[in-house]
Amino acid sequence: MKKAFERAVFLDRDGTIIEEVGYLDRPERVEFFPWTIDAIRVLNRAGLAVVLVSNQSGIARGFFTHDVVEQTHARMAAMLSEGGARIDAYYYCPHHPDGVVPDLAKACSCRKPARGLVDRAVEEFNIDPARSFVVGDRWVDIGLARAVGAQGLLVRSGYGDTQEHRPPDGMKADAVLDNLIAASSWILGKL
Ligand SMILES: [Mg+2]
Ligand SMILES: [Zn+2]
């Protein structure tokens with residue numbers, strides 16, 4: 001039976017949940033920020049769906065395979081579980097228009113800031129995006145929030161500290177915060 005959530009927090013992966021290391025091509029390279037597990041546990045306890053939404057164009061570019069991404073997420077899930085935290089769904093876009101892998105080298109509707117990954121969660125979990133949140137370290141994450149009518153929080157981890165000073169025309173985050181634990185607190189204050 002489907003779990004019925006109403007609100008979700010959509011979390012970017014690289015630079016938001018885990019250290020930004022460029023193209024993460026080996027599961028062993030996963031490194032959570034020191035606050036990540038606590039931050040996600042807080043969101044779990046607040047009754048929010050926690051959904052990972054990640055652009056993984058390295059698959060289309062031939063740098064690594066679906067398997068590597070799946071193994072990476074399995075490793076993350078195990079580490080979170082040890083800390084009493086949980087990501088409810090792991091969604092990623094494997095596409096890129098400049099890719100080299102047939103079928104994946106294309107424009108798609110799931111590469112952030114396009115809304116495809118959020119739409120998948122809406123179907124699977126009965127989520128209302130307008131009452132939900134997106135947290136990420138890049139403006140594409142805020143763009144995703146805008147595309148689905150959610151609140152968008154930019155964090156200064158990963159690329160965030162440089163992104164903060166280079167917003168695309170007319171784009172503003174609902175908040176700019178130091179990291180995911182600060183974002184979790186901010187979200188709790190809005191419930
Ligand atoms: Mg990121
Ligand atoms: Zn895609």
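All figures in this text were calculated on a predicted structure; none of them were measured in a lab. Just follow the structure's listing: the first ligand is 1, and inside any ligand the first atom is 1. Along the sequence shown, residues carry numbers from 1.
Between the SG atom of C93 and the ND1 atom of H95, the angle centred on the Zn ion (ligand 2) amounts to 110° when rounded to 10°. Angle O(D14) to the Mg ion (ligand 1) to OD1(D137), rounded to 10°: 100°.
The environment of CG in D98 is crowded: more than 12 heavy-atom neighbours from other residues, nucleotides or ligands sit within 6.0 Å.
Note on D141 versus R138: no salt bridge recorded, every NZ/NE/NH1/NH2 to OD/OE distance being 4.0 Å or above. One finds a salt bridge joining R156 and D178 here, because a Lys/Arg side-chain nitrogen approaches an Asp/Glu carboxylate oxygen to under 4.0 Å.
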Full working for salt bridge (Lys or Arg N to Asp or Glu O under 4.0 Å) between K112 and D12: CA-CA 10 Å; K112 298 182 292 185; D12 169 54; 2.9 Å; yes

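The distance from the Mg ion (ligand 1) to the nearest N/O/S atom of D141 is not under 2.8 Å.
Atom OD2 is the N, O or S atom of D12 at the shortest distance from the Mg ion (ligand 1).
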